[in-house]
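Data block below; observations after.
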Amino acid sequence: MASLFEYAPAPESRSVVDIAPSYGLFINGEFTEAADGKVFKTVSPSSEEVLSEIARAGTEDVDRAVRAARKAFEKWSALPGSERAKYLFRIARIIQERSRELAVLETLDNGKPIKETRDADLPLVAAHFFYYAGWADKLDHAGFGRNPLPLGVAGQVIPWNFPLLMLAWKIAPALATGNTVVLKPAETTPLSALFFADICRQAGLPKGVVNILPGYGDAGAALVAHPDVNKVAFTGSTAVGKEIAKTVAGTRKKLTLELGGKGANIVFDDAPIDQAVEGIVSGIFFNQGQVCCAGSRLLVQESIQDELLDSLKRRLSTLRLGDPMDKNTDIGAINSAEQLARITSLVERGEAEGAERWSPECELPTSGYWFAPTLFTNVTQAHTVARDEIFGPVLSVLTFRTPDEAVAKANNTPYGLSAGIWTEKGSRILAVASKLRAGVVWSNTFNKFDPTSPFGGYKESGFGREGGRHGLEAYLDV
């Protein structure tokens, strides 16, 4: 993109990570082929290069993994919390030691910029294991009664947008509370989960406590439906979440769902414009907008609309799109051809419905999956781009005149995961936040995460909380 400065290339070296030609499933502490011998390929979104061939889990493999986890549960759950904590602390330290390797791996397999995996994802991954390691011997004091018990085997299905971070969100509290795990990573981003399996072996984690099953939706469905799974945790689309809820209904399985979102980023007329613009950019263009809690709807007070949009367009014109392995890159690749097609279709529908589309001058690479940062103005609440989760670098702009109108428009969505408020008045932040039906409300910032803070949504954004003390409850019989 156009810039006042020319940036010399600053590529991160690929030599720090050694990707094998093929990987098996991780069951009972060992890598093994799929029972039916099926495999699939994982591709780098920025270049369409095949990175590795991966064993594809099926129903028989799910059964093997659940049996391994059930057997391991007896001894793992019987360990004192202080002993389980040692393993979690060890895993956290190994993640820190291998953080550069894991950041490069995640960028290659996911397509997001290296500065995001290096500076955001990996520090948070380690922090979640450190945090829940600290809880492992203090569960009596977590507020869930004396001697809360683990549930058993946790079946966990994670998405492709934050592969290693979503793994940490789910595995860390499960292990801290004495459960064992069978985890299915997304089919487009299996590598970091398989590298985590190696970290489990490096940390000496007992066999069967963590099992990793790369595969497609059929493997996830088999895991969710398995009769010997006691807890299901899913992060992904609302449509799949609804199907999981139907499957689990009528069973004794505990369920948490973290689903889609259409977050509102509300900017009042007294907000510091430059600070708000940075928060808007972080809110929607971080990880190419492939974030469930992205601030994909900008609600700006009418009196400052022109000033804010002028500043926002100038800022977007300075973003650098390109090789995600370059440390200067701000916007990386879309995760897959399928996701790129979905983004393209929804954006074209927005134009057809009359919204005004704008993107900065941007030369897209010739190989890989790319989409330029996009801004829609003249948007109404009836437009598809204001209603549907696009899950891409696309921002829809709406206006409001009063705080009550801002709240009404922010809540006018089937989702309820996140929101942001920009104003210099603390009283206004508290008044507006209390009326927003969103699980997370940021004030004068956006997309800030901490392992001590719970995360989750309302309505079609799911239920249950991950992170913080609240994240323990989903893995305990309370």
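Values below: every heavy atom of this structure, side chains too, minus hydrogens, waters and symmetry copies.
- Shown here is R90, whose CZ atom has more than 12 heavy atoms of other residues, nucleotides or ligands within 6.0 Å.
- The only option from F455, Y131, Y475 that meets the ring-ring contact (aromatic ring centres under 6.0 Å, His included) definition with W169 turns out to be F455.
- Taking the side chain as every heavy atom from C-beta outward, L436 and I266 approach each other to under 4.5 Å.
- Taking the centre and axis of the six-membered ring of Y7, the NZ or CZ atom of R320 falls inside the cone set by 45° and 6.0 Å.
- By the 4.5 Å heavy-atom criterion applied to side chains, V277 and L312 are counted as neighbours.
- No side-chain heavy atom of L346 sits less than 4.5 Å from a side-chain heavy atom of F391.
- If you check the side chains of D404 and T402, you find no donor sitting under 3.5 Å from an acceptor.
- For the residue pair S47 / S367, no side-chain donor-acceptor distance below 3.5 Å is found, with atom types taken as modelled.
- Within the 4.5 Å cutoff, no side-chain heavy atoms of P272 are placed close to those of D274.
- Contact annotation: the side chain of K262 approaches that of I390 to within less than 4.5 Å [non-hydrogen atoms, C-beta and beyond].
- Close placement of the F400 and F268 rings is indicated, their centers lying within 6.0 Å of each other.
- T42 and D109 share a donor-acceptor pair across their side chains, judged by distance under 3.5 Å alone.
- Here the closest heavy-atom approach between residue A197 and residue I212 is recorded as CB-CG1, 4.1 Å.
- The local environment of NZ in K313 is crowded, with over 12 non-hydrogen atoms from other residues, nucleotides or ligands closer than 6.0 Å.
- No hydrogens or angles considered: a donor-acceptor pair under 3.5 Å links the side chains of T256 and K231.
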Assess the residue pair D330 and K115 against the criterion (salt bridge (charged side-chain N to carboxylate O under 4.0 Å, His left out)); give the C-alpha distance rounded to whole Å, side-chain angles, the decisive distance to 0.1 Å, and a yes or no.
CA-CA 8 Å; D330 299 303; K115 69 179 183 181; 2.5 Å; yes
